[in-house]
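Heavy atoms only: backbone and side chains are in, while hydrogens, waters and symmetry mates are out. A quick note: this is a predicted structure, and the numbers were derived from the prediction, not measured.
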Amino acid sequence: MRYEDYFSKFNDNDLSSVIPFIDNQKATDFLLENAPRLYCPDQVIEETFAFRTWVMRKHVKKTPAGFLITEFLPDVYWAGKFNTINAPLIHHLNEFRWLKSADIFLDYVKFFLSGDNGAYSYHVPALAEMYEFCILTDNEKFLKDNVSLFENYFKVWVDTHFTENGLFWSIDDREGTEYSISGTTPDMKFGKGLRPLMNACMYGDAIALSKFSTNPKFYLNFASKLKEKMDAKLWDGEFYKAVHPTIEDFSRQIDYCDIPEGCNAKELTSYAPWVYGMPDADKAFVFDYLKDKNVFNSKMGLSSAERSHPRFMYPVHKPCTWNGKVWPFSTSIAINAIIKAFDDGYKINVDNKDLYSFIQTYAQMHYMIEDGKRYNYIGEVMLPDQHVWHAHEWFKGKDVPITNGGADRGRDYNHSTFIDLVLRGLCGINVKSNTLNVNPRIDGVWDWFKIENLTFKRQTYNVYYDKTGKVFNKGAGVIIEKVN
C-alpha cells in the first residue's frame with residue numbers, strides 16, 4: 001500500500017479529539033517530506049511503521065520554548081510545562097532523530113538541559129540519547145556549544161541521587177515504572193532503592209560525556225566505578241535486580257518504606273545496562289530469558305516482570321502498572337538491548353529470526369479490537385496473554401477527570417520506539433558510522449525491503465535490499481541511492 005493510503009486510512013479511523021500542531025489535514029504532506037517509509041514483505045510491520053510515523057507527528061508541539069515533544073495528547077496534571085514529561089525522553093530522541101526535520105528538536109533537548117521544566121521529575125537521565133541524537137543528525141557543534149549544560153545536568157543527578165555506597169537511588173514510580181514488583185510493597189507503598197534502570201542510564205550518560213566533555217577521564221572513571229558497584233550490588237548471579245538497603249545506607253533521606261525480600265524480581269527494564277554496553281560477556285546468558293515462557297516471553301509480547309515470580313500480575317487497582325503487563329516502553333529497551341548486543345559482538349542465544357519475532361509480535365500489539373472493529377492503536381499497557389489494552393479497558397464507563405487526560409488519555413501514546421528498532425535492528429543501519437552503512441539482519445526472514453526518504457546526517461537516501469536482484473532490478477544485495 002502507498003503511504004498516502006496508509007495515512008488516509010489512519011485519518012479516517014482517528015477518534016482522538018485533540019487537534020495537534022500538525023493536524024490530520026497536514027499530516028500526509030508533512031510525513032511524505034520528513035519521515036522514512038519502509039516497504040517490506042511483512043504487512044503488519046510495514047503498516048505499523050507507517051502508523052508510528054503518523055502518530056509521532058501528533059506529538060510535535062510548537063511553543064514559546066520552541067518545538068517540543070509530548071507523551072500524552074491530552075493535558076495531564078502530572079506533566080510539566082507545555083504538557084511535557086521527561087520520562088520517555090530517551091525514546092523520543094531515538095525515534096524522532098529519523099525525521100528529516102530533526103534539527104527542530106534541538107529545542108526539546110535544550111528545554112530539558114536547562115534544568116527547568118520538570119527536567120528531573122523522573123529518574124531517567126538521557127544525556128546518552130541526547131548525544132546519539134546529535135551525532136546522527138550531524139549536530140556535534142550543539143554538543144560543544146552546550147557542554148556546560150550537559151555537565152551540569154549530570155552533576156544535579158549526582159548531587160541529589162548519588163549515595164555513599166557508589167550507586168544512585170530511585171523509586172519505581174519516578175522511573176515511570178510505578179507499582180512494579182520490585183519497588184512496591186504488598187500494601188501499595190513505593191520504596192526507595194538502588195535500581196538497575198537509573199544506574200544504567202547514569203553509566204550511559206557518563207560514557208557519553210567522556211566523548212565530548214571538558215574532562216573525559218573523570219567521566220570514564222565514574223562509569224568504570226559505577227559498573228563495578230552495579231556488578232557487586234545489583235547483579236545476583238542471574239540478573240540485575242533492584243535492591244533496597246536499610247535506610248541508614250542512604251546518605252540523603254526522603255520518605256521511605258521497606259521493601260520485603262519477596263519482592264525481588266527479574267524485570268524487563270533491567271536490560272538497560274546492555275543498551276549502554278556495560279555488562280561483561282559472561283552475563284550474556286540473560287538474553288535467554290526473553291525466549292523463556294517462565295520469565296519474559298508472553299503471548300502478547302515481553303512481560304515487564306518474570307512470569308514465574310509469586311507476585312506476577314498481583315492485583316493492582318490502577319490503570320497503568322508494571323506487575324507483569326506488556327509495556328511498549330520496556331519492550332523498546334529490551335529489543336534495543338538485543339540490537340546493541342549484536343552491534344557489540346556479544347555471543348547471545350538470540351539470532352536474527354528471534355529479533356524479527358520480537359519485533360513482529362510487538363507490531364501485532366498496535367491494534368485495538370473493539371465492538372467488532374479492528375483499527376490501528378498504540379496505548380499504554382497490554383495484558384500479557386490477551387489482546388487487551390488494559391488502561392483503555394480500565395477507564396471504560398468511568399468518569400475520568402479532564403486533568404487526568406480523560407477516559408481515552410492513552411490513545412496514540414508516545415512512550416516507546418518502533419521506527420528506530422526496525423531501521424537499526426532489522427534493516428541494520430549502523431548509527432555509529434560516519435556515512436550510511438546498511439547491514440540487514442533479515443537473512444531467512446525477508447528477501448527484500450525498501451526504505452524511502454531515509455535521512456542520515458543531513459543526507460537523504462533511498463535504500464534497497466534485494467537478495468536475488470530480481471525485485472527492484474537494481475542488483476543483488478544492498479543498494480544505496482542519494483536523493484539529494
Separation between [atom1] of [X] and [atom2] of [Y], rounded to the nearest 0.5 Å:
X: Cys320; Y: Arg409; atom1: SG; atom2: CZ; result: 4.5 Å
X: Arg411; Y: Ser17; atom1: CZ; atom2: OG; result: 9.0 Å
X: Ile90; Y: Leu197; atom1: CD1; atom2: CG; result: 6.5 Å
X: Asn83; Y: Lys61; atom1: CG; atom2: NZ; result: 5.0 Å
X: Leu355; Y: Ile335; atom1: CG; atom2: CD1; result: 7.0 Å
X: Ile419; Y: Met56; atom1: CD1; atom2: CE; result: 4.5 Å

Any side-chain donor-acceptor pair under 3.5 Å between [X] and [Y]?
X: Ser270; Y: Lys266; result: no
X: Ser304; Y: Ser330; result: no
X: Arg195; Y: Thr269; result: no
X: His59; Y: Thr70; result: yes
X: Asp187; Y: Thr185; result: yes
X: Arg311; Y: Asn264; result: no
X: Asp172; Y: Ser182; result: no
X: Ser101; Y: Asn34; result: yes
X: Asp231; Y: Tyr240; result: yes

Quiz item: Hey, mind stepping through Ile135 and Val431 against side chain to side chain contact (heavy atoms under 4.5 Å, CB included) and telling me if it holds?
Solution: CA-CA 8 Å; Ile135 294 299; Val431 294; over 6 Å; no
Heavy-atom donor-acceptor pair, [X] side chain to [Y] backbone, under 3.5 Å:
X: Ser180; Y: Gly183; result: yes
X: Tyr289; Y: Glu238; result: yes
X: Trp389; Y: Tyr367; result: yes
X: Asp412; Y: Val55; result: no
X: Asn294; Y: Ser308; result: no
X: Ser303; Y: Gly324; result: yes
X: Ser213; Y: Asn215; result: yes
X: Ser210; Y: Ile207; result: yes
X: His366; Y: Phe49; result: no
X: Ser114; Y: Phe111; result: yes

Check whether more than 12 heavy atoms from other residues, nucleotides or ligands sit under 6.0 Å from atom [atom1] of [X], and answer yes or no.
X: Lys155; atom1: NZ; result: no
X: Lys291; atom1: NZ; result: yes
X: Lys396; atom1: NZ; result: yes

Taking the six-membered ring for Trp, is the centroid-to-centroid distance between [X] and [Y] below 6.0 Å?
X: Phe285; Y: Tyr346; answer: no
X: Phe168; Y: Trp157; answer: no
X: Phe287; Y: Tyr271; answer: yes
X: Trp78; Y: Phe72; answer: yes
X: Phe112; Y: Tyr120; answer: no
X: Phe96; Y: Phe105; answer: yes
X: Phe222; Y: Phe154; answer: yes

Minimum-distance pair of heavy atoms, taken over all atoms of [X] and [Y]:
X: Ala128; Y: Ala208; answer: CA-CB, 3.7 Å
X: Pro125; Y: Asp205; answer: CB-OD2, 2.9 Å
X: Ala102; Y: Phe133; answer: O-CZ, 3.3 Å
X: Val60; Y: Phe21; answer: O-CB, 3.5 Å
X: Phe142; Y: Asn146; answer: O-ND2, 2.9 Å
X: Leu421; Y: Ile339; answer: O-CD1, 3.7 Å

Any ion pair linking [Y] and [X] (charged N to carboxylate O, less than 4.0 Å)?
X: Lys432; Y: Asp344; result: no
X: Asp420; Y: Arg97; result: yes
X: Arg307; Y: Asp385; result: yes
X: Glu228; Y: Lys225; result: no

Quiz item: Can you list the steps and then say if Val326 with Leu383 is a side chain to side chain contact (heavy atoms under 4.5 Å, CB included)?
Solution: CA-CA 6 Å; Val326 176; Leu383 295 180; over 6 Å; no
Practice problem: Give me the one residue out of Phe329, Tyr362, Trp98 that meets ring-ring contact (aromatic ring centres under 6.0 Å, His included) with Phe418. | Solution: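 Single ring-ring contact (aromatic ring centres under 6.0 Å, His included) partner of Phe418 among Phe329, Tyr362, Trp98: Tyr362.
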Practice problem: Run the numbers on Lys227 and Asp280 for side chain to side chain contact (heavy atoms under 4.5 Å, CB included), then give the verdict. | Solution: CA-CA 10 Å; Lys227 175 190 181 308; Asp280 296 323; 3.1 Å; yes
Quiz item: Cation-pi between Arg52 and Trp54: NZ/CZ under 6.0 Å from ring centre and within 45° of the ring axis?
Solution: no
Quiz prompt | Test applied, side chain to side chain donor-acceptor pair (under 3.5 Å); reference residue, His123; option that passes from His161, Glu175, Arg174 | solution =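 Running side chain to side chain donor-acceptor pair (under 3.5 Å) over His161, Glu175, Arg174 with His123 returns exactly one hit, His161.
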Exercise. Find out whether Met130 and Leu143 are in side-chain contact, i.e. whether some heavy atom of one side chain is under 4.5 Å from a heavy atom of the other.
Key: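 They are not in contact (no side-chain heavy atoms under 4.5 Å apart), so the answer is no.
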Quiz prompt | Residue pairs, two or more places apart or on separate chains, that pass salt bridge (charged side-chain N to carboxylate O under 4.0 Å, His left out) and touch residues 101-112 | solution = Asp103-Arg458
